[in-house]
Each structure stands twice: as C-alpha cells, then as structure tokens.
Amino acid sequence: MGLELISSDVKIAPLSMAASARAGVVRSGGQHEGPAPHDDAITNLVSVLASSRDFESFLAAVHDALRDSDAVDGVAVAVSDEDPKGLRHYRTVSDLPASTPADDAHLAGDAPEILAWRQQQPVYVPDLAQDKRFVRSKDGPREGGYRSYAAFPLLTAEKRLGVMAFGSLEARAFGDATRDRMGRVAALVAFALDHRLTAQRADKLQDQAVRQRGQLAMSMAITDTLVAARGLEAVLKGVSVCLKQVIEHDAASLALYCNQTGRLKVMAFDESGPGDAMFRFEDEPPAGSLFGCVLKTRAPLARERLDTAEFPFDPTVARVVASGFVSTCTVPLALRGQVIGVLNVGRRRLAAFSGAEVAVLGQAGAQMVLAIEHAMALEEVRALKERLADDNRYLAEEIHTLHNFDEIVGDSPALTKVLDLVSVVAPTDSTVLIEGETGTGKELIARAIHDRSPRRDRPLIKVNCAAIPAGLIESELFGHEKGAFTGATSQRKGKFELANGGTIFLDEIGDLPRDMQVKLLRALQEREIERVGGEKTITLDVRVIAATNVDLKKKVGDNEFRADLYYRLNVFPLQLPPLRERRGDIPLLVNWFTQKMSRTMRKGIESVPTDAMRALEAYPWPGNIRELENVIERAVILSPGPALEVPPGALPAVATLCPTSVASDALEAIERDHMLRVLTECRWVLSGPRGAAIRLGLKRTTLQSRMERMGITRPV
C-alpha cells in the first residue's frame, strides 16, 4: 500500500550519546540479553504514544527505552512508496549521526528492510560482517558500523506501512526475548506511524480543501468580473485584483499578438504603483523572445529571477526588468488551439512562484480567453462604428457638393485617349497626377479611377488644397488631438485617416503651402502620419490622386513647388484636354445638360436650335465644361418654350466668328474680353452667389490669379 511521505520540513536532531558512555552496561561477544525491561517500560511507551501526535518524539522514546537494556544503538523507520523503487527512508534515531541516511532516500534493493518488506516477516542478521547478502547497500547498516540488525514489518489490521529496524554495534546482540520485545515495540510504532500519517493526511486534505475553497472563490470572482468588464483594461484590472487573493504580485500584464503586424500589444496594471497605473505599449518580439518560448512550448514559464541575458533582444523583458521586477510567471492564452497572447504576473522581490501558483494563474488565463475574445470583438465593432460615423460625417459634409454630371459624356479622340489611360491605371495603386485647365473635369476623372479600382468599396476623400486656410491645412489633412490648439475641443481624424483603405483626392495641389509640401512628402513616402499635437504614429494604406490647373513643372523651376514632391506625385500623369480641343463633344454635352436641367426645373425643353448650337460650338469656352454647364442652366431658366434659347449676351459676339482652331493669343484676348464683361456686369464683385467667379465657373483664387496674369484691374 502506498503512503504519502511526511513533509520534508520536519527535522529530527539525532541523539549523540556514545555507546561507550552507557552507565552500567557490560557487553560480551555473545548474544546479550541484559536485564529484561519491565512491563512499565512498554507502559511508558504507550503513555508517550497516547499523549502526543509527535511521532518523532515517540521514536526517540523508543530508542531511549531500548538502547541500554537491549544494546540498541539506533532505530530507523522506512515507509512504503508507490514508486517502483520500493521503500523510502523516513526517520532515524541513533547514537551514530554519521550512519543516518538522508530523509526521503530510497533504500537499496538488498537492504534488510527490503527483504522484511517483501516477505512481511521479521529479518534478523546476527552479524552483518559475515552475511554477504547485503554488501551493496550504500549508506546501509553495514557501512554505518552495525553488526547486529533486526527488521520488522509495520502492520496494522488494514495497512502495510513499512519496516522498523534495530541496530547494534555488537554482533549477535539480540536474543529471542529481545526480538520478541522489538516485535511488540514495532506494533506500537506501527500504530503511532499510522496515527501520524493519518493526521498528516487529514491536515493536508484540510489545507487542500482550504486552498480549493480559496481558488473556487477566486474563480467565481473572476467570472463575475469578466461578465461585468467592458474592454481589455477592465478585464486585466479585475483579474489582477482577484488573483491578489491567492497569488502575491505587484503587477499583472496582458500581451496580445497581432498576426497582421507581428507585434505584441501589451497593457500592464501596476498595483504597487501610485494610483493603480495602467500602461500600454507595443513591442515586436524577436526570435528567441519570452513570448516566442511560450508560443513554442505552449507551457507556463516561471523565473525566480528574470534575466535579460536569457532574452537579450526582447524589448518587453528589458522593460519589465527596468521597472524593477525580479520574479515573474507567464502563462499562454490559447483560443481554439492557437496561442493569442500571454498573461503575466510579477514581483519586485526575489520569490519564486510555486507550482500551485502557476496552476492557479493558468486557470485564470483559461477563464480570461473568452472574455478577451469578446472584448476584442467589441473593440473591433467600436472601431468599425467610429469609422462608419467618420464616413457618414464626411458624406454629410460633401452631400451638398453634387457632381457636375453623373457620367463622362463625349466620344472625341482626345477624351477617348484619356479614358483608355484611366482603364489602365485604375486597377493599380499607383499615384496619379491629373493636369488640366479649370473646369475640364479633373474630379470626375479621379472618381472614375477610384470607382474602377479595388478600393471602390471605401470612400474617395476630396481635399481642395486651395480652399483651406494655411493655418488649418495640416489639421485638415492629418487630424488633431484634443487641446492641440485653441478651439481643438475634441480629437478629430484628418482626411488621410478617413481615406484609410480608400483614395484621397488632393485637388489644386499646386496651391499647397511650401511648409506643408514637406509634411505631405513624408506622408507619401512613409505611408504614416501623426495628428497635430499627438505622438502616436498612424500607419495608413491610402491611394493618392492629385490634380492641378497650373504648370507644376514650371512652378518647380520657379522654386514655388518642391521637386521631390512633384516627382513623387508625377508617377502616372494624365493631361485632360480643354473643351476647345474636343469640340465634337460640345453637342453631346449641350443636349445632356439641357435634358438634365429641364428635368430638374420641370421644363419641357425638347430641342436645341441649329443657330444656338453653332454659336455654342464656335465659342472657345475658357471656363471649359463648367462654364458650358452654367450657360446651359441660364438658358434653360430663360427659355419659355420647348426649344432652348441662348439669351443675348450669354456668349461674346466674337464667338460666332471664331474659327474652329483659334490661335492661343486670340483665345487669350477673347477670354480677357469675356472676363472684363462679366466683371463689369457683376460690379467687380468676385466671390459670393452673385460674384464673377460663380458666373465664370472659377474659384475666387483662380479668378484673381488670371486677372493678375492678364493685367485686369478694377477701375477707380
């Protein structure tokens, strides 16, 4: 029958009286009975047994009772073991400390105790020096100096406990009467040992029950915490507080591995710090990192003293050691067979984690996994909701900006060439630079590229670089943190962040301030940004389409635009032809705009007179398609009948006389005259709903630039 070994923290100091100092005992070379012990000696042993649960004291009393009368120099007890090796040494009381085997040591296979245990009969060896059966017993009775040796099995009515042995320095020291008394003493020892082991087992069971109740209470507390927790930080903090009941620790951390980035997202809750601090950071675990070891073995990793020399390139270990933590324990967090991260607790003092503490931490980790998955899902849903809200806000801001037309109209060779290039570049992620005069449909081409790209399910974010004040353009593009500047009452994402996964359209890129050109260049090169007032780097996946109505190459030569940014944008240039170079598309556009405006205004205009169409075809259209749309809208408003009537003054008279191919200087003169006439009609008001910029289909800044170029000034 296997028995649990008595805990190793019980220590017995062996008796040290020398055999030669025994008073009144004279031994001969033969069997020595000595004066027979009286019955009161056995009675005293029974009294000691009845009064104490201390088996070691009882064993010492046995030694004292027998050493003088029966020439016993030492007694030893071995207990049975479930291990196949057999008996294991338990306790020895002897006058010869050097002969005492180490506690918990297995006895050799030829020891007298082993023979007595196997036969379940007493074994008496009159002279060990003459008996060759026990010569291999290391640290056994022979090596201890014993000559006579007797071993008795320890039996109760229900149990086979072990063996008790008696040794003497004299040969043939034990006669029949002595061995009979030893048998009775062995029976008492068996009872005492059974009593001791039973009591110890009861104490262990009681301690185990207390621990299990504590662990159960902790487990239930963790369950309640996880049910109520919202977010990973709440999960970590709640579990750390619950673990504190059974595992002493100063801080707990949770590290989750991201397969996409290959980085560990770590959050740490320091209970010993001021104000219960929660920290967040990210590290990239190198080969041979602590996380890599746990990932490989899928087993807990406990260190009494965490050493950076063991993980020399692991930044997380370096952080932990630098924070003053000495002893740590890390357990894997596995979800559906895959390790998603680790749970770690640490102590700032040298104190190894026991096996029971490691098991408790593993149990807590197993409970946390589903809560972590739930929290991660909630965070993902929250992020998606924020992203959807951002998209909706952007669309709400842009909803009033209707497209000039819903599809590209025209079949001229110049337009067909551009559309062919759009079909080629759209499926790629290459940066596109669209150049063309104002009103040629650059935004429409940008939308066509986006709609035919793999990013079509994500938004196309439009930014007019000329319309944003210089002091706000960085915030508009990259966003800002709360409190970054006066008026920044909340965090706001920039256009680049809103376009993540989609396309950003930078219109009028030539008007971007020079200091912002450097920051834009970095964003395009590194594919990452920082919000104004923030320190966190945000990695983005954005396709860039830029547009301009100025000659960027000339601006580079004039040192008004950075050359490196120009070459970064000019990956795939698209040159849009002005309307005067695609006059064959004018009738199609006129009919299309007429039908669109007629439906919108609920007018029944069915045709365009030939004279009106010729006049429209002959006009050079300096404002291109935007100007044509405005002219048609005004004509639809003023047409009373089913035929479109172009009102007098809508087009310069010279337009009807212009040849199809107009020289550039003549075109500029016509454009200047037309601009002067519109400015005069608008009383030189440039902006606003009745300003000249609206009538000409131009932006105010573009109109001012052309007026300066053409030398047009307001009369005094």
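A donor atom on one side chain and an acceptor atom on the other are not found under 3.5 Å apart for Arg543 and Ser453. In this structure, a donor-acceptor pair under 3.5 Å is absent between the side chains of Thr440 and Asn624. Side chain to side chain, Ser423 and Arg452 meet the donor-acceptor criterion of an N or O pair below 3.5 Å.
Side-chain contact between Ile538 and Arg531 is present, with at least one heavy-atom pair separated by less than 4.5 Å. Between Ile504 and Leu498, the closest side-chain pair of non-hydrogen atoms is not below 4.5 Å. A heavy-atom distance below 4.5 Å is not found between the side chains of Thr431 and Arg568. Residues Leu264 and Glu282 form no side-chain contact, since every pair of their non-hydrogen atoms from C-beta on lies 4.5 Å or further apart. The shortest distance between side-chain heavy atoms of Val432 and Val544 does not fall below 4.5 Å. You'll find the side chain of Val571 stays beyond 4.5 Å of the side chain of Leu569, heavy atoms only. Ser475 has its side chain out of reach of Glu481: every pair of non-hydrogen atoms, C-beta onward, lies at least 4.5 Å apart.
A donor-acceptor distance shorter than 3.5 angstrom exists from the side chain of Thr594 to the backbone of Val590, with no hydrogens or angles considered. Judged by distance alone, with hydrogens and angles left aside, the side-chain atoms of Glu497 form no donor-acceptor pair with the main-chain N or O of Phe478 at under 3.5 Å. A donor-acceptor pair is defined here as one N or O able to donate and one able to accept, closer than 3.5 Å; such a pair exists between the side chain of Asp585 and the backbone of Ser412. Between the side chain of Arg700 and the main chain of Gly691, no donor-acceptor pair closer than 3.5 Å is present. Distance alone, capped at 3.5 Å, is enough to place a donor-acceptor pair between the Lys603 side chain and the Ser639 backbone.
Judged by the 6.0 Å distance and 45° axis criteria, Arg447 is not positioned over the aromatic ring of Phe505.
With respect to the salt-bridge test (charged N to carboxylate O, under 4.0 angstrom), the residues Asp558 and Lys554 qualify.
Taking the six-membered ring where the residue is Trp, Tyr257 and Phe291 present parallel rings, their angle staying beneath 30° rather than reaching 60°.
Within a 6.0 Å sphere centred on CZ of Phe485, heavy atoms belonging to other residues, nucleotides or ligands number more than 12.
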